[in-house]
Amino acid sequence: MVTIMIEVDQGDIFHKSVLEKVRDLTLAMREVSAVNQFQITSLASKKLKEVHSSTEGIESSPLMWPDVPQDAERMAELRSAVLRNPLVYGPYVSKDLQATLITVDFIDQKVDYATVFKEINAAIAKVDDGSVRIRVVGDPILFGWVNHYLPETLHLVFYALGLTLVMLFVLLRTWRGVVLPLLAGLVSAIWALGICQILGIHFEPLVIVVAMLITSRAVSHSVQIVNRFDDELDIQPEGVELPRTAARVALADLFRPGMLGVIADAACMAVVAMSPIPMLQKLTVLSVVWVATLTVSAVILTPVLLSYIRKPRGFAHPVNLQPLLRKVLDFAVGITLSRARFVVLAISLIVIVSAGIYALNLKIGDANPGSPILWPQAKYNQDSSAINKRFEGVDRMFVVIGDDKHPGLVKSNEALQSMNRFQRFMEVQPEIGGSLSVADVLPHVNASLHEGNPHYLEMSDNEAINGSLLAMLDSVSEPGDMDRFIDRGPANASVTLMFRDRQGETIRTAVARIKEFIAANPLREGKWQLAGGTVGVMAAINEIILSSQIEAIALALLVLAVLCTIVYRSTIAGMLFMVPVIISNMLTFAFMVWMGIGMSINTVPVAALGIGLGVDYAFYIADRVKEEIAIGSTPEHAIRQALQSAGMGVIVTASVLILSTLLWWVSSLRFQAEMGLLMAIWLSVSAMSALFVMPSMIYVFRPKFIFGESHGEMRTPLEQAA
């Protein structure tokens, strides 16, 4: 549904020029693609009527159709008709008479948001001469704005890519350090998008954040291999086979951590597919396929191409920043090999506990009013706020009472009285601005039959009379008029609840109150059914996320632990590699609480992929220590070599990717900006954990899967017991 508000600054809307705009815009909505012709409602439509009785029976006449009142007398009559009609005064004309609404519904199976967005804005532009303010909201408009910013999003993609390549060129000083990571990301993107096209999975604009996250993994794995290739050049003697030998060593030594990192990313993302939400399932397939392509595009293709390098020891420019980066790595070595490592571990424990406790406040669903996809100052959110201030609410939830097995059930006193009590009960919640059902309409028909006597402004206790009132109302209605109240049986009736915001807490409170009312007011016949509309769908999504969030995170950690246990043949390995993941995720979730970012259908995939993201760097550090120990190095020398070699790859990729993801903060789409910031935090914490926490744990606990039996006497009692 799309809601359009036309408002004036001075006076009221009952002026010919204003109402002509309402009429023109209402007529223009009939030409919009996929519109439901029977569900266009405004003062200028046939849907808003005045019901009255005469000697000939019940009559209904449109308030302002087909023409706008041409003189002051008729304008005053229209004003009076609006004021005495509670189904119009409040729901469609504001209490201060300075604004009126046009609501437009669409056929779900046919609607194209981008097309609807363009056509509605074009219609508004034709009538907007600056004398009134026109505001428009609704999901077709919201996602139309997302598509509107697609060119900006693509520009940011290219800017981030350009910044990544420039920084790689400056830090690595070789063309291979720029071209090969770029090629790895490009190949994986082509394969993934091609496969998804074959599978019929569409690439939504909001998914670009996930795509950038996966592409960063391709760059990271490729840079690690290029960096190891460069290290081998320093220790291999000059010869014809030098590039091939260095590439072979790089592939052999980094194959295990590289493949484990890719598989961990894919497996943690695959957990999201357990959700019954089709959108998340399709996104999971896209992500898993994309991540899986990295096994070839980054882990294998990069060393293969490195073997063909002709001048391996040349540099593309004289600026050498490596000594500066070495100082950071020397600091990490000094921390790890001194007693400061115990301080690092103690701080890590404090961070996990404190951030974990704070992260318990993470909200499920939208955490702020308006749409979290856009910034608060965005036109859509400003329009939404303005409409909610003047009217009952733009977001709707539909609750149905009835039973297909009992035609005519909604005519019963029990059903009608239950709807009435339900509406009064729900309207106590401040975020619910109002409600509407057939139980609101029948009292006015009843009063009309008694010459407008307010004493009869209630439903009858007699089911036969209520049935007659319903039949009278139906007889004077146009096609589609009653569809928003009852079905053709009439076996089912809907209650529409209008919400002023769609925050997760608002929706959970409403659903809890609905269930409380149903439990306290059982029906002899029929049943209550929850819930339709935008808010109803969001309620279902939030319930799924709430019930599965902890399980999904726990399962992803379990998958990671099992993978590490299988690869390294040690349960300690699984426990050890979970530590940097827990640190990065607890800090990120705590940051989401602090920033007011809720766990929604848009953020769940990023969170799941972040679990795999949090451990990739640690794999390279731990595996290099294991490699050095295997050739007879001392623990101190092994850690020093690991940090100076694999650590260089970590610090290069982390610094490059952190800056490129922070570039998304300037996006007009709040969701993309915040997810870019979250990605930067994940990368930062993961890199710090890999450089400081992981080496400290390895040196303190001396796990057997790294040090083997030769250093068994140096292991801690905890390790010996394991």
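Here, residue 1 is the first one in the sequence, and each next residue gets the next number. Hydrogens, waters and symmetry mates play no part in the numbers below; they use all other heavy atoms, side chains included.
- Geometrically, Arg217 engages Tyr617 in a cation-pi contact, judged by NZ or CZ lying under 6.0 Å from the ring centre and within 45° of the ring axis.
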Problem set entry | Intermediate values then yes/no, side chain to side chain contact (heavy atoms under 4.5 Å, CB included), Ile658 and Ser660 | CA-CA 6 Å; Ile658 288 169; Ser660 62; over 6 Å; no
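- What you find for Val625 and Ala642 is that their closest heavy atoms are CG2-CB, 3.4 Å.
- Nearest heavy-atom pair across Leu643 and Ala690 is CD2-O, 4.5 Å.
- Contact of the Leu161 side chain with the Leu182 side chain is registered, since non-hydrogen atoms from C-beta on lie closer than 4.5 Å.
- Counting heavy atoms from C-beta on, the side chains of Cys564 and Phe619 come closer than 4.5 Å.
- Under a 3.5 Å cut-off, the side chain of Thr302 and the backbone N or O of Val299 do not form any donor-acceptor pair.
- Nearest heavy-atom pair, Met592 versus Leu362, reported as atom, atom and distance to 0.1 Å: CB-CD1, 3.8 Å.
- Asn227 places no side-chain N or O within donor-acceptor distance of the main-chain N or O of Val223, the cut-off being under 3.5 Å.
- Residue Gln197 places its CD atom among 12 or fewer non-hydrogen atoms of other residues, nucleotides or ligands, all under 6.0 Å distant.
- Listed here is the closest heavy atom pair of Val559 and Ala267: CG1-CB, 3.3 Å.
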Exercise. Could you go step by step and tell me if Asp231 and Gln644 meet the side chain to side chain donor-acceptor pair (under 3.5 Å) rule?
Worked result: CA-CA 10 Å; Asp231 286 346; Gln644 292 291 348; over 6 Å; no
Problem set entry | Verdict with reasoning, Leu306 to Arg176, per side chain to side chain contact (heavy atoms under 4.5 Å, CB included) | CA-CA 8 Å; Leu306 283 171; Arg176 59 178 173 268; 3.6 Å; yes
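- Within the model, atoms SG of Cys196 and NZ of Lys282 stand 11.5 Å from one another, a figure rounded to the nearest 0.5 Å.
- Of all heavy-atom pairs spanning Asp265 and Val291, the tightest one is CB-CG1, 3.7 Å.
- With Asp253 as the fixed residue, the side chain to side chain contact (heavy atoms under 4.5 Å, CB included) test singles out one of Arg624, Arg248, Arg228: Arg228.
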For this session: Apply the test side chain to side chain contact (heavy atoms under 4.5 Å, CB included) to residues Val333 and Ile639: give CA-CA distance (whole Å), side-chain angles for both, the deciding distance (0.1 Å), then the verdict.
Result: CA-CA 7 Å; Val333 172; Ile639 289 174; 5.6 Å; no
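- In this structure, Phe707 has its ring center no closer than 6.0 Å to that of Phe701.
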Problem set entry | Chi angles and distances behind the side chain to side chain donor-acceptor pair (under 3.5 Å) call for Thr565, Thr571 | CA-CA 5 Å; Thr565 299; Thr571 56; over 6 Å; no
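- A distance of 7.0 Å separates OG1 in Thr634 from CD1 in Ile629, rounded to the nearest 0.5 Å.
- The aromatic rings of Phe331 and Phe692 sit perpendicular to each other, their planes meeting at more than 60°, with 30° as the lower class boundary.
- Between Val157 and Trp664, the closest side-chain pair of non-hydrogen atoms falls below 4.5 Å.
- Contact of the Val178 side chain with the Leu172 side chain is not registered, since no non-hydrogen atoms from C-beta on lie closer than 4.5 Å.
- Here the side chain of Ser222 pairs no donor or acceptor atom with the backbone of Ala218 at under 3.5 angstrom.
- Annotation: the span from Phe671 atom CZ to Leu678 atom CG amounts to 9.0 Å, rounded to 0.5 Å.
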For this session: Determine, step by step, whether Val656 and Val219 satisfy the side chain to side chain contact (heavy atoms under 4.5 Å, CB included) criterion, reporting the C-alpha distance in whole Å, the side-chain angles of both residues, the deciding distance to 0.1 Å, and the verdict.
Result: CA-CA 10 Å; Val656 169; Val219 172; 5.5 Å; no
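- Note: Phe589 and Trp682 have perpendicular aromatic rings, judged against thresholds of 30 and 60 degrees for the angle between ring planes.
- You'll find the side chain of Asn320 stays beyond 4.5 Å of the side chain of Phe315, heavy atoms only.
- By the 6.0 Å contact criterion, CE on Met259 is enclosed, its count of non-hydrogen atoms from other residues, nucleotides or ligands being greater than 12.
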For this session: Begin from the C-alpha positions of Tyr149 and His155 and carry the test side chain to side chain donor-acceptor pair (under 3.5 Å) through to its verdict.
Result: CA-CA 10 Å; Tyr149 288 119; His155 289 155; over 6 Å; no
For this session: Please assess Thr153 against Gln672 for the test side chain to side chain donor-acceptor pair (under 3.5 Å), listing each intermediate value before the final yes or no.
Result: CA-CA 9 Å; Thr153 300; Gln672 289 183 344; 3.3 Å; yes
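- In this structure, the side chain of Ser220 does not engage the main chain of Ser216 through any donor-acceptor pair within 3.5 Å.
- Of the possible polar contacts, one joining the Thr653 side chain to the Gly649 backbone as a donor-acceptor pair under 3.5 Å is found.
- The CG atom of Asp623 sits 11.0 Å away from the CD atom of Glu628 when rounded to the nearest 0.5 Å.
- Between Trp175 and Phe169, the ring center distance clears the sub-6.0 Å criterion.
- Under the 4.0 Å criterion applied to side-chain N and carboxylate O atoms, Arg670 and Glu674 are assigned as salt-bridge partners.
- For the atom pair OG of Ser354 and CG of Leu587, the computed distance is 7.5 Å after rounding to the nearest 0.5 Å.
- Counting only heavy atoms from C-beta outward, the side chains of Leu576 and Ile698 approach each other to under 4.5 Å.
- The two atoms that bring Ile364 and Asn542 nearest to each other are CG2-O, 3.5 Å, heavy atoms only.
- Heavy atoms of other residues, nucleotides or ligands lying less than 6.0 angstrom from NZ of Lys363 number 12 at most.
- Proximity of Gln641 to Ser633: side-chain heavy atoms (C-beta onward) are nowhere separated by under 4.5 Å.
- Annotation: side chain of Arg341 is in contact with side chain of Tyr699 (closest heavy-atom distance under 4.5 Å).
- Within the 3.5 Å criterion, the main-chain N or O of Val581 finds a donor-acceptor partner in the side chain of Ser584.
- Interatomic distance, CZ of Phe255 versus OG1 of Thr295, reported as 8.5 Å (0.5 Å rounding).
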